[in-house]
Amino acid sequence: MDVNSHAEELASDLGVDKAEVKADLENLLEYSVPIDEAKQSVRRKHGGGGGGSSPTPDAADLADITTDHSNVTVTVRVLTRGTRTIRYQGDDLTIREGELADGTGTISYTAWQDFGFEPGDSLTIGNAGVREWDGEPELNLNESTTVAIADEPVDVDHGIGGDRDLVEIAAGDRGRNVEVRVLEAESKTISGRDGETDILEGVVGDETAKLPFTDWDPSPELEPGADLRIEDVYVREFRGVPSINLTEFTTVTPLSDPVAVADDAPRLPVAEAVDSGGMFDVELVGNVLEVRDGSGLIERCPECGRVVQNGQCRSHGEVDGEDDLRVKAILDDGTATVTVVLDDDLTAAVYGGGLEDALAAAKEAMDKDVVAEAIADELVGGAYRVRGSLSVDEYGATLDATAFEVADDDPADVARAALAEVGE
């Protein structure tokens, strides 16, 4: 994006200093404000009004829209609408966001003012800006955008409304509704943008999955054991998994009937779990191919808990590390691999002794590596059932295990059966 050319154009139209206009634009863009909305804001600041009118762009199918487009006109069905507040230029701004569809596909949108539409409405949206969001095109509706009821209803092959099971929730979702049981809830005080802020964090579940949540405007109804319908949440990635976020616009309604919560985690082939992009609670079955470096006896930073290497913490420099136990193992089920991390308790169970036993063995051998070697002798080649939280990033897939036990079934058979079930 050439900010200079936009600033030069605005400065010429408004008769003001280009440097000042450019600084205003850059300030807005830092807060991810779309360029069209940023230019309108600068015009208003300098008394330039709405900046005049421009020809309505040609109509486009959603499947044909790319980030190369500047502005488009679309005829669509509103699938979802969420509301939340963001902050830019020092002010709080309420936005509407969600998903639109036509006969060719779907696209996310952000409306920078309230156009009054609801899920299910068929609309013709003119002069909608296009920007990239999470690697995909997104429509931006601002004061230069026109919104009108479409001449005919738009038929789409997508569900209207935000109701989802937890297993269907993904990072980036907006305007979702869930019916869940609160499994855990804890009040916390954090340092927010307005100073110390009280929030509520925990875990909710239904019969399909469990997910973490954060309530930024704590609702008294969210207490362990409560069965609730929660409407208008947005979802973002937290520690590699989808996390449900409640705002002041979220409604929480007690349910008269209890919500069933599965005791078991969904069991998936490793490849499918990895392709999901991250799961809070999942079960994998596979063979341990290798116990990686950094297993056995390790040292952690007393300040942040990170693993210390050669007496150095990445965040705190030279420290006196605290002894701990850990396993990092490569699990393979024939579809893909994942790094499984066992904490001190699970490592102790695998090793057959706790930290004191490991320290004693290392002292006797005068070599810390004997602990990792003993663990590798125990694990490599065996089939195991692992449950925990899966995160996926540019470095690969990692599962932080909450349970680890010998599998009584063949991992390849388990993967084939799971794939067959998914394909039904």
Trainee: When you compare the side chain of Val74 with that of Asp102, does any pair of heavy atoms fall below 4.5 Å?
Mentor: no
Trainee: Nearest 0.5 angstrom please: Ser108 OG to Glu138 CD, how far?
Mentor: 3.5 Å
Trainee: Using side-chain heavy atoms (C-beta onward) and a distance below 4.5 Å, is Leu222 in contact with Leu246?
Mentor: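 Touching, per the 4.5 Å side-chain cut-off.
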Trainee: Do you know which two heavy atoms are closest between Val370 and Ala365, and how far apart they sit?
Mentor: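 That would be CG1-CB, 3.5 Å.
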Trainee: Minimum heavy-atom separation for Val308 to Cys301, with atom names?
Mentor: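 Heavy-atom minimum between the residues: CG2-N, 3.3 Å.
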Trainee: Can you tell me how far the CD atom of Gln309 sits from the CD atom of Glu299, to the nearest 0.5 Å?
Mentor: 11.0 Å
Trainee: Classify the side-chain pair Asn287/Asp332 by whether it contains a donor and acceptor separated by less than 3.5 Å.
Mentor: no
Trainee: For atom CG of Asn310, is the number of surrounding heavy atoms from other residues, nucleotides or ligands below 6.0 Å larger than 12?
Mentor: no
Trainee: Within this structure, what is the OG1-CG distance for the pair Thr104 and Asp157, rounded to the nearest 0.5 Å?
Mentor: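 The distance works out to 12.0 Å.
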Trainee: How close do Val182 and Glu223 get, heavy atom to heavy atom, and via which atoms?
Mentor: CB-O, 3.3 Å
Trainee: Under a 3.5 Å cutoff, is there a donor and acceptor pairing between the side chains of Glu99 and Thr80?
Mentor: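 Per modelled atom types, Glu99 and Thr80 side chains form no pair under 3.5 Å.
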Trainee: Does any non-hydrogen side-chain atom of Thr110 lie less than 4.5 Å from one of Trp133?
Mentor: no
Trainee: For a 4.5 angstrom cut-off between non-hydrogen side-chain atoms, does Ser187 reach Pro218?
Mentor: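 The answer is no, as the side chains (C-beta and beyond) never meet within the 4.5 Å cut-off.
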Trainee: Hey, are Thr189 and Glu196 close enough side-chain-wise for a donor-acceptor pair under 3.5 Å?
Mentor: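 No, Thr189 and Glu196 have no side-chain donor paired with an acceptor closer than 3.5 Å.
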Trainee: Does Asp206 pair with Arg164 as a salt bridge, N-O distance under 4.0 Å?
Mentor: no
Trainee: Mind listing the closest non-hydrogen atom pair of Gly120 and Arg77 along with its distance?
Mentor: O-NE, 2.6 Å
Trainee: Checking Ser256 now: which residues fulfil side-chain hydrogen bond (donor to acceptor under 3.5 Å, both in side chains) with it, not counting sequence neighbours?
Mentor: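 Result, side-chain hydrogen bond (donor to acceptor under 3.5 Å, both in side chains) vs Ser256: none returned.
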Trainee: Report yes if some heavy atom in the side chain of Thr73 is under 4.5 Å from a heavy atom in the side chain of Asn127; otherwise report no.
Mentor: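 They are not in contact (no side-chain heavy atoms under 4.5 Å apart), so the answer is no.
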Trainee: By the salt bridge (charged side-chain N to carboxylate O under 4.0 Å, His left out) test, which pairs, at least two apart or in different chains, include something from residues 236-257?
Mentor: none
Trainee: Pairs in or reaching into residues 203-240: which pass ring-ring contact (aromatic ring centres under 6.0 Å, His included), with residues at least two apart or in two chains?
Mentor: none
Trainee: Kindly indicate whether the side chain of Leu79, heavy atoms from C-beta on, has any atom under 4.5 Å from the side chain of Val156.
Mentor: yes
Trainee: Can you confirm whether Glu207 is buried at CD, in the sense that more than 12 heavy atoms of other residues, nucleotides or ligands lie under 6.0 Å from that atom?
Mentor: no
Trainee: Sequence neighbours left out, cut at 3.5 Å: what donor-acceptor pairs do the side chains of residues 316-331 make with other protein atoms?
Mentor:
| from | atom 1 | to | atom 2 | distance (Å) |
| --- | --- | --- | --- | --- |
| Asp324 | OD2 | Arg300 | NE | 2.7 |
| Arg326 | NE | Gly294 | O | 3.1 |
| Arg326 | NH2 | Gly294 | O | 2.9 |

Trainee: Mark yes or no for whether Thr250, through its side chain, and Val233, through its backbone, hold a donor-acceptor pair below 3.5 Å.
Mentor: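 Checking the backbone N and O of Val233 against the side chain of Thr250, no donor-acceptor pair under 3.5 Å is found.
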Trainee: Which heavy-atom pair separates Val259 from Gly205 by the least distance, and what is that distance?
Mentor: CG1-O, 4.0 Å
Trainee: Taking the side chain as everything from C-beta on, heavy atoms only, tell me whether Val285 gets closer than 4.5 Å to Asp333.
Mentor: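 A side-chain contact under 4.5 Å is absent here.
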Trainee: Can you pull the side chain to side chain donor-acceptor pair (under 3.5 Å) pairs that have at least one residue in residues 340-352, sequence neighbours excluded?
Mentor: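 Of all non-adjacent pairs touching residues 340-352, none passes side chain to side chain donor-acceptor pair (under 3.5 Å).
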Trainee: Rounded to the nearest 0.5 Å, what separates atom CD in Glu201 from atom CG in Asp215?
Mentor: 10.5 Å
Trainee: Looking at residues at least two apart in the chain, or sitting in another chain, which of them share a side-chain hydrogen bond (donor to acceptor under 3.5 Å, both in side chains) with Thr83?
Mentor: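 If we apply the side-chain hydrogen bond (donor to acceptor under 3.5 Å, both in side chains) test to Thr83, skipping adjacent residues, there are no hits.
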Trainee: Do side-chain atoms of Lys210 reach the backbone of Ala262 as a donor and acceptor pair under 3.5 angstrom?
Mentor: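 Answer holds: yes.
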Trainee: Can you tell me how far CG of Asp151 sits from OG1 of Thr124, rounded to the nearest 0.5 angstrom?
Mentor: 6.0 Å
Trainee: Enter the distance from Leu123:CG to Glu118:CD here, rounded to the nearest 0.5 Å.
Mentor: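 Taking CG in Leu123 and CD in Glu118, the distance rounds to 10.5 Å.
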Trainee: Go through the structure and list residues passing side-chain hydrogen bond (donor to acceptor under 3.5 Å, both in side chains) with Thr251, not counting sequence neighbours.
Mentor: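 Thr251 satisfies side-chain hydrogen bond (donor to acceptor under 3.5 Å, both in side chains) with Glu231 only.
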Trainee: Under the salt bridge (Lys or Arg N to Asp or Glu O under 4.0 Å) rule, collect the residues that match up with Glu97, sequence neighbours excluded.
Mentor: Arg84, Arg174
Trainee: Would you call Asp163-Arg229 a salt bridge at under 4.0 Å N-O?
Mentor: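 Salt bridge between Asp163 and Arg229, a charged N being under 4.0 Å from a carboxylate O: yes.
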Trainee: Between Trp112 and Leu141, is there a side-chain heavy-atom distance shorter than 4.5 Å?
Mentor: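 No, too far: nothing below the 4.5 Å cut-off.
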Trainee: Under the side chain to side chain contact (heavy atoms under 4.5 Å, CB included) test, which residues partner Ala209, sequence neighbours left out?
Mentor: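 Only Leu166, Val167 meet the side chain to side chain contact (heavy atoms under 4.5 Å, CB included) criterion with Ala209.
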Trainee: Side chain of Glu168, backbone of Asp165: donor and acceptor closer than 3.5 Å?
Mentor: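 Pair found, side chain donor or acceptor close to backbone of Asp165.
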Trainee: Once ring pair (Phe, Tyr, Trp, His ring centres under 6.0 Å) is applied, do any residues pair with Phe280, and if so which ones, sequence neighbours excluded?
Mentor: none
Trainee: Is it true that, when you exclude Asp377 itself, more than 12 heavy atoms of the residues, nucleotides or ligands shown sit nearer than 6.0 Å to its CG?
Mentor: yes
Trainee: If the condition is side-chain hydrogen bond (donor to acceptor under 3.5 Å, both in side chains), which residues does Asp64 pass it with, not counting sequence neighbours?
Mentor: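 Per chain and number, Asp64 pairs via side-chain hydrogen bond (donor to acceptor under 3.5 Å, both in side chains) with no residue.
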Trainee: Under 3.5 Å, sequence neighbours excluded: what are the donor-acceptor pairs made by side chains of residues 395-405?
Mentor:
| from | atom 1 | to | atom 2 | distance (Å) |
| --- | --- | --- | --- | --- |
| Thr402 | OG1 | Arg387 | O | 3.1 |
| Glu405 | OE2 | Arg385 | NH1 | 3.3 |

Trainee: Would you say the side-chain atoms of Arg306 pair up with the backbone N or O of Cys313, donor to acceptor, closer than 3.5 Å?
Mentor: no
Trainee: Using the rule given for side-chain contact (heavy atoms from CB on, under 4.5 Å), can you reason through Leu228 versus Val204, listing the C-alpha separation, both sets of side-chain angles and the distance that settles it, and then say yes or no?
Mentor: CA-CA 10 Å; Leu228 306 170; Val204 294; over 6 Å; no
Trainee: Between Pro137 and Val130, what is the shortest heavy-atom contact and its length?
Mentor: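 Shortest heavy-atom contact: CB-CG1, 4.1 Å.
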Trainee: For Phe117 and Tyr109, I'd like to know if the aromatic rings sit close, meaning centre-to-centre distance below 6.0 Å.
Mentor: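 Phe117 vs Tyr109: aromatic centres under 6.0 Å.
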Trainee: I'd like to know if the side chain of Thr247 reaches the main chain of Phe249, judged simply by a donor and an acceptor atom lying under 3.5 Å from each other, with no hydrogens or angles considered.
Mentor: yes
